[in-house]
Chemist: 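Got a structure for you, written out below as structure tokens; questions coming shortly.
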Amino acid sequence: GEVNGPDGLKVLRLSALGSAKTDQIVFDPARRNGFIARCRSTGPAAQPVCHRAVVLSSGLELRYRFSEALLGDWRKIDNSIVRKVAGFRIY
């Protein structure tokens, strides 16, 4: 089941029950099709990394990754990255 995560996120563990939490989905339950990322760890000593994909327009998708330790700042990170990439667009 889902558990509460940082800053309003929900966490859904994909790893088998009783195993290490190496694969999980984090998402914002407040917005349909809002923030969602997959966080994975490759081992007990490895820092988990989250991967996010954002559709900017038809045929254009932005993908980025960040440390799971930064999930508490997910709103700032997501808004900043999307704004930065939008600044590269030619209209």
Side-chain angles (χ1 to χ4, degrees):
E2 301 167 1
V3 296
N4 292 329
D7 196 29
L9 293 175
K10 292 287 186 182
V11 179
L12 179 62
R13 188 173 70 191
L14 300 179
S15 303
L17 191 60
S19 67
K21 296 178 184 177
T22 59
D23 198 0
Q24 49 194 5
I25 299 292
V26 293
F27 63 96
D28 177 14
R31 281 190 50 212
R32 183 178 176 159
N33 298 325
F35 180 88
I36 185 169
R38 184 174 188 168
C39 301
R40 301 184 79 194
S41 175
T42 56
Q47 175 68 37
V49 174
C50 298
H51 299 265
R52 167 116 166 98
V54 180
V55 176
L56 298 174
S57 64
S58 179
L60 181 60
E61 183 176 84
L62 165 68
R63 293 175 179 255
Y64 67 92
R65 65 183 180 177
F66 58 95
S67 168
E68 185 181 55
L70 298 174
L71 273 175
D73 292 322
W74 70 271
R75 293 174 204 272
K76 261 194 277 187
I77 293 168
D78 205 53
N79 289 336
S80 295
I81 288 175
V82 170
R83 272 197 318 270
K84 182 71 168 175
V85 171
F88 295 134
R89 289 177 138 176
I90 299 173
Y91 297 95

Chemist: So, do I36 and I25 sit near enough that their side-chain heavy atoms are less than 4.5 Å apart?
Modeler: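 Contact flag for I36/I25 side chains = yes.
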
Chemist: Please answer: with hydrophobic residues joined when any side-chain heavy atoms are less than 4.5 Å apart, are V3 and L12 in the same cluster?
Modeler: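 V3 does not cluster with L12.
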
Chemist: Is L60 linked to V54 within one hydrophobic cluster, defined over Ile, Leu, Val, Met, Phe, Trp and Tyr using a side-chain heavy-atom separation of less than 4.5 Å?
Modeler: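 Yes; V54 is reachable from L60 via cluster members.
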
Chemist: Could you tell me which non-hydrogen atom of P6 sits nearest to which non-hydrogen atom of G72, and how far apart they are?
Modeler: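 Smallest heavy-atom distance, with atoms named: CB-CA, 3.8 Å.
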
Chemist: Can you tell me which residue pairs pass the ring-ring contact (aromatic ring centres under 6.0 Å, His included) test with a partner in residues 34-63, sequence neighbours excluded?
Modeler: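 Every ring-ring contact (aromatic ring centres under 6.0 Å, His included) pair that includes a residue of residues 34-63, provided the two are not neighbours, is F35-W74.
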
Chemist: Go through V49 and R65 one step at a time and tell me if the side chain to side chain contact (heavy atoms under 4.5 Å, CB included) criterion holds.
Modeler: CA-CA 7 Å; V49 174; R65 65 183 180 177; 3.9 Å; yes

Chemist: If the condition is salt bridge (charged side-chain N to carboxylate O under 4.0 Å, His left out), which residues does R75 pass it with, not counting sequence neighbours?
Modeler: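 Salt bridge (charged side-chain N to carboxylate O under 4.0 Å, His left out) list for R75, sorted by chain: D7.
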
Chemist: Could you check R52 against D78 for salt bridge (charged side-chain N to carboxylate O under 4.0 Å, His left out), going step by step and ending with a plain yes or no?
Modeler: CA-CA 9 Å; R52 167 116 166 98; D78 205 53; 2.9 Å; yes

Chemist: Applying a strict under-4.5 Å side-chain criterion to I, L, V, M, F, W and Y, I'd like to know whether V85 and L70 cluster together.
Modeler: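 V85 clusters together with L70.
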
Chemist: Quick one: disulfide bond (SG atoms under 2.5 Å apart) pairs with a partner in residues 22-86, sequence neighbours left out?
Modeler: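 Matches after skipping sequence neighbours: C39-C50.
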
Chemist: Are E68 and Q24 close enough, and set up right, to give a side chain to side chain contact (heavy atoms under 4.5 Å, CB included), and what steps lead you there?
Modeler: CA-CA 11 Å; E68 185 181 55; Q24 49 194 5; 2.6 Å; yes

Chemist: So, taking the atom named CG in L9 and the one named CG in N4, what distance separates them when rounded to the nearest 0.5 Å?
Modeler: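 Nearest 0.5 Å value for the CG-CG distance: 10.0 Å.
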
Chemist: Under the side chain to side chain contact (heavy atoms under 4.5 Å, CB included) rule, collect the residues that match up with S80, sequence neighbours excluded.
Modeler: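 For S80 the side chain to side chain contact (heavy atoms under 4.5 Å, CB included) partners, ignoring immediate neighbours, are R83.
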
Chemist: Please report, to 0.1 Å, the donor-acceptor pairs under 3.5 Å made by any side chain of residues 26-33, with sequence neighbours excluded.
Modeler:
from, atom 1, to, atom 2, distance (Å)
D28, OD1, A30, N, 3.0

Chemist: If the condition is ring-ring contact (aromatic ring centres under 6.0 Å, His included), which residues does F66 pass it with, not counting sequence neighbours?
Modeler: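 F66: ring-ring contact (aromatic ring centres under 6.0 Å, His included) contacts with Y64.
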
